[in-house]
S.K.: 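Take this structure first; my questions come after.
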Amino acid sequence: PEHCYEYVNPAYQALFPNRVFAGRTVAEVLPEAAEQGFVDLLDEVYRTGKTYHGTELPVVLSEAPGAPAHTIYFNFTYQALQENGQTVGICTFAYDVTELVLARLQRETQQRLLANVFELAPAGFWVVQGPDYVFELINPAMTRILGRSAELALGRPYFEVLPELREQGLPALLRQVWEQGESVFVEEMPAQLAYHAPDELGYFTFVFQPLRDEHGQVARISCVALDVTTQVQARQKAEESELQVRTMVAASPYLMGMY
């Protein structure tokens with residue numbers, strides 16, 4: 001019941017270098033683990049005879065007294081050893097999964113960072129999946145461009161969400177990306193969305209990018225888009241004003257020149 005080490009194999013010893021196990025208790029050899037509740041777990045297994053499975057549990061250890069501590073993650077099992085129906089010891093199987101855990105934590109951190117960038121990006125972004133172009137991801141900027149909420153779009157086909165774009169050249173562009181696996185860049189494309197007035201157009205610059213699966217087949221399409229309506233309209237007004245001036249000058253009966 002004191003959890004005195006009787007045997008450790010080389011792999012277990014390698015998990016805790018510079019520590020002597022034989023004939024000593026867990027609390028003596030691994031006082032940090034004792035402080036972190038692992039002796040309590042052993043007591044529970046010894047008392048009840050029930051096996052305990054730990055998954056990715058962190059243990060803060062030091063190589064030597066006074067040395068900097070570091071965290072190791074373990075998958076392990078505490079299994080009661082019984083004789084004549086009585087628990088007489090515990091067998092431990094332990095695996096160091098630190099590298100796997102740290103790699104996953106790093107991926108999760110990167111994913112959170114990407115999610116923040118995705119949510120806050122000024123450019124619109126979506127990802128559609130499959131030949132029906134089912135919305136899989138859409139960021140807030142894109143919902144404003146399309147005039148559709150994420151709740152309305154996600155999980156539904158592109159042209160079910162945006163039926164007004166069926167007759168405005170979008171099917172051919174998406175089909176080109178899906179079938180040929182080539183990116184398509186379009187600059188200042190005029191389009192009329194559901195929120196536009198009948199005689200109103202918006203202008204959009206966007207790129208459709210094929211996303212391939214592990215077999216190299218196009219499985220998704222992504223889009224990055226900018227609403228450039230304000231810029232296009234400002235340029236059109238400037239061009240109209242310039243044309244009006246030129247027309248007025250050409251029609252004038254007076255001799256005019258510009259130097």
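The basis for the numbers below is simple: all heavy atoms, side chains too, and nothing from hydrogens, waters or symmetry mates.
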S.K.: Quick check: does any side chain N or O of Glu136 sit under 3.5 Å from a backbone N or O of Trp126, one acting as donor and the other as acceptor?
M.R.: no
S.K.: Walk me through it: do Asp132 and Phe159 pass the test side-chain contact (heavy atoms from CB on, under 4.5 Å)?
M.R.: CA-CA 8 Å; Asp132 292 329; Phe159 291 110; over 6 Å; no
S.K.: What I want to find out is whether Arg104 reaches Glu56 closely enough, with some N-O distance under 4.0 Å, to be called a salt bridge.
M.R.: yes
S.K.: Decide if atom CD of Glu83 counts as having more than 12 heavy atoms of other residues, nucleotides or ligands within a radius under 6.0 Å.
M.R.: no
S.K.: Any idea how Phe38 and Phe76 line up, ring-wise: parallel (<30°), tilted (30 to 60°), or perpendicular (>60°)?
M.R.: tilted
S.K.: Taking Asn116's backbone N and O only, do any of them form a donor-acceptor pair with Glu119's side chain (distance below 3.5 Å, no angle check)?
M.R.: no
S.K.: List, one per line, each side-chain donor-acceptor pair under 3.5 Å for residues 170-178, sequence neighbours excluded.
M.R.:
none

S.K.: Above 12 or not: heavy atoms from other molecules or residues under 6.0 Å from CD of Glu2?
M.R.: no
S.K.: Hey, is CD on Glu239 packed in by over 12 heavy atoms from elsewhere, all under 6.0 Å?
M.R.: yes
S.K.: Can you hop from Leu201 to Val186 via hydrophobic side chains spaced under 4.5 Å?
M.R.: no
S.K.: Will you find, in the side chains of Gln209 and Ser183, an N or O donor that is under 3.5 Å from an N or O acceptor?
M.R.: yes
S.K.: Should the pair Tyr5 and Phe21 be assigned to parallel (<30°), tilted (30 to 60°) or perpendicular (>60°) ring geometry?
M.R.: perpendicular
S.K.: Give a yes or no on this: more than 12 heavy atoms of other residues, nucleotides or ligands lie within 6.0 Å of atom CD of Glu108.
M.R.: yes
S.K.: Please report the C-alpha distance between Thr25 and His3 in whole Å, then the side-chain angles of each, then the deciding distance to 0.1 Å, and finally whether the side-chain hydrogen bond (donor to acceptor under 3.5 Å, both in side chains) criterion is met.
M.R.: CA-CA 5 Å; Thr25 67; His3 317 303; over 6 Å; no
S.K.: So, for Ser222 and Val127, which heavy atoms are closest and what is the spacing to 0.1 Å?
M.R.: CB-CG2, 4.1 Å
S.K.: Any carboxylate oxygen within less than 4.0 angstrom of a Lys/Arg side-chain nitrogen, looking at Glu182 and Arg212?
M.R.: no
S.K.: Verify the ring-centre separation between Tyr95 and Phe74: is it less than 6.0 angstrom?
M.R.: no
S.K.: Do other residues, nucleotides or ligands put more than 12 heavy atoms under 6.0 Å from the CD atom of Glu6?
M.R.: no
